[in-house]
Amino acid sequence: MKKVKIFDTTLRDGEQAPGFSLTVPEKIQLAHQLKRLGVDIIEAGFPIASEGDFEAVSLIAKEAQKEAGWPIICGLARCRQQDIARCFEAVQFAPRHRIHIFIASSSIHMEKKLKMEPAKVLKLAAESVKYAKSFCCDVEFSPEDATRAERDFLAEMVRLVIEVGATTVNIPDTVGYSHPEEFADLISYLKHNVPNIGKAVTSVHCHNDLGLAVANSLAAIKAGAEQVEVCLNGAGERAGNAALEEVVMNLKTRKSFYQVETNINTPEIGPASRLLTRLTGVAVQPNKAIVGANAFKHEAGVHQHGVIKERTTYEIMDPKKIGWEGESLEIGKHSGLHGIKKKLTELGFTPDERQIIDIYQKVMALADKKKVIYEEDLVTLAEETFGKNEEKIRLVDVKILTGTKIEPTAIVQLQVNGLESFEVIGHGNGPVDATFKAVQQVIRKFIKKKIELEIYDLTNLTKGTDAFASAFVQLKSGKRLVRGRFVHTDVVLASLGAYLQALNRLLRT
Ligand code: KIV
Ligand code: ZN
């Protein structure tokens, strides 16, 4: 059966989206998970965009040098010599590397954005591919905004770049404008009207502005596309890119219809999705296909009855085969070293034997105090061991005073930059407000940048007065958005945990 290549751009198009920014170590961690997931190509970043992007792409390429079995490591570049050279400088360490260059192809983009005549754009595209080929043999070319380009111009651009050596031509629906039939027709048109199209891999890259990114990608595959560009959890610019998990599970579940296969190791989908959520703090909606918390929950009695009798009555996919899990990780007093190692790997950690033993001992100590150990608990313990918990602001203690006759007051003891701890007092409308007011005093005193609290949200994870509450905080500093999420039975501690997590994430880079 024909194989469709999975080109993952979570670390490039996905990371470009507000709130999805990752630190360099976080990008490396995600790249390891993408390797376990079995993607064919990792687009690791846009090396000319910033020093951080360059460092991340080159370090991921160096990781790929250390052991066999890594995907192709790709970097993005505009049609400029300095972009292309910088991109090569970053990706070159990977045994298999790719330069991905793009230029606008629609009239509106050429005229208004590039301010360039179509003939000049064609020339630049061809020269850039030739230049990229002087560094490496694997060159991908994208005519940006292809779905709004004149078809004959697009076909000529694709023909020309293949003639000068492009090995993959990627057709992007940059603004998410196309419809499945129309997009499939465009791919067929190119397949029939570009004489040398067979010399390159035809790829597609769809945005989700009209909610059709996955449908368009699948229609293009049906029309003969051999590579599909996707992001975990549907991350990406604006409404995002086609979701990796949805494209892959469509192809797998409806294999006889699509007649193609992928190299994706589907049990790694759940861990990959959860890792991205954990690193960015951006949760997926509960009803999201494949990876949403409700994707395999059956509420209606008639459905539950059916599933108990025969799972396939209401389940078209086996949740175990996509590494799907509920909220509890089932880790506790009786978990063995092996079980903990497996869970850590699922969460995207790559611990050595010494680190596993260390985390195991911490889990056992915690299990003495707490019946259920949640993902967040295990991650906190693991991050302590990995030394990633170098929190600039650490909570030492918090006391709350509230009642009908006093203004809610929080006395928060914090340690900043490892210095001696000190106390701040905050007053507010309620205990959470008072606690946040106290933390804001610390921000004003020690962190001299403007940090705004954009979103605060609290939800119950379980039922009853002893329920677990999950707090979510989104902070904004300049253009940067960061998020924190924390779970606790105490709403003040859940809220404070989320606030400090977001703050520390902001201060880490
Ligand atoms: O959406 C787009 O056009 C892109 C290109 C760089 C492929 O992301
Ligand atoms: Zn894109």
Side-chain angles (χ1 to χ4, degrees), residues 5-18 20-21 39-50 53 57 72-80 83-84 86-87 90-91 98-110 112-114 121 124-125 128-129 132 138-149 153-154 157-158 161 166-178 183 186-187 190 200-214 216-217 220 225-244 247:
K5 292 180 203 294
I6 302 294
F7 176 114
D8 181 274
T9 182
T10 310
L11 289 168
R12 200 277 299 167
D13 214 320
E15 211 258 343
Q16 241 162 262
F20 278 83
S21 58
V39 305
D40 299 283
I41 303 109
I42 295 177
E43 188 165 48
F46 192 177
I48 196 93
S50 68
D53 247 45
V57 178
I72 295 170
I73 305 299
C74 172
L76 186 68
R78 287 166 299 184
C79 282
R80 296 188 187 172
D83 275 44
I84 295 168
R86 189 79 173 138
C87 182
V91 295
R98 174 179 296 185
I99 299 177
H100 176 193
I101 49 184
F102 72 100
I103 197 163
S105 64
S106 63
S107 304
I108 181 167
H109 274 218
M110 289 188 287
K112 305 280 183 216
K113 187 182 78 171
L114 292 182
V121 175
L124 193 55
S128 302
V129 171
D138 188 346
V139 174
E140 173 167 330
F141 177 84
S142 289
E144 197 192 6
D145 203 18
T147 49
R148 292 194 298 169
F153 178 77
L154 180 67
M157 192 178 232
V158 169
V161 295
T167 41
T168 300
V169 279
N170 176 47
I171 309 302
D173 184 23
T174 304
V175 292
Y177 181 71
S178 206
F183 196 50
L186 177 63
I187 300 303
L190 294 172
V201 169
T202 303
S203 169
V204 289
H205 173 117
C206 297
H207 279 270
N208 206 29
D209 300 65
L210 290 170
L212 291 171
V214 171
N216 284 337
S217 305
E226 294 119 355
Q227 175 181 290
V228 60
E229 305 201 350
V230 286
C231 285
L232 289 170
N233 296 349
E237 280 276 356
R238 306 180 309 279
N241 287 75
L244 178 148
V247 170

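Order of listing sets the numbers, starting from 1, for every ligand and every atom in it. Computation of the quantities below employed the complete heavy-atom set of this structure, encompassing side-chain atoms and omitting hydrogens, waters and symmetry-equivalent molecules.
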Stepwise side chain to side chain contact (heavy atoms under 4.5 Å, CB included) test for Ser105 and Met110: CA-CA 6 Å; Ser105 64; Met110 289 188 287; 5.7 Å; no
Under 3.5 Å: N/O of Glu144 near N/O of ligand 1: no
Exercise: identify the closest heavy-atom pair between Pro143 and Ile171: CG-CD1, 4.2 Å
Presence of salt bridge, Lys113 and Glu144, under 4.0 angstrom: yes
Protein N, O or S atoms lying under 2.8 Å from the Zn ion (ligand 2), listed by chain and number: Asp13 OD2, His205 NE2, His207 NE2
Side-chain (Asp53) to main-chain (Phe46) donor-acceptor, under 3.5 angstrom: yes
Side-chain (Asp173) to main-chain (Asn216) donor-acceptor, under 3.5 angstrom: no
Any N or O of His207 closer than 3.5 Å to N or O of ligand 1: yes
Min N/O separation Thr174 to ligand 1 under 3.5 Å: yes
For Val228, the option from Asn241, Val247, Asp8 that meets side chain to side chain contact (heavy atoms under 4.5 Å, CB included): Val247
N or O pair under 3.5 Å between Asn170 and ligand 1: no
For atom 5 (C) of ligand 1, the protein heavy atom that lies nearest, with its residue and separation: Arg12 NH2, 4.0 Å
Nitrogen or oxygen of His205 less than 3.5 angstrom from that of ligand 1: yes
Close-contact set for ligand 1 against Asp13 heavy atoms, below 4.0 Å: 8 (O)
Side chain to side chain contact (heavy atoms under 4.5 Å, CB included) partner of Thr168, chosen from Thr202, Val201, Ile41: Val201
Heavy-atom nearest neighbour of atom 7 (C) of ligand 1 within options Ser142, Ala146, Cys206: Ser142
Working for side chain to side chain contact (heavy atoms under 4.5 Å, CB included), residues Val169 and Met157: CA-CA 10 Å; Val169 279; Met157 192 178 232; over 6 Å; no
Tyr177 atom OH, over 12 foreign heavy atoms within 6.0 Å: no
Location of contacts on Glu140 toward ligand 1, heavy atoms closer than 4.0 Å: neither
Asn170-Ser203 side chain donor-acceptor pair, cut-off 3.5 Å: yes
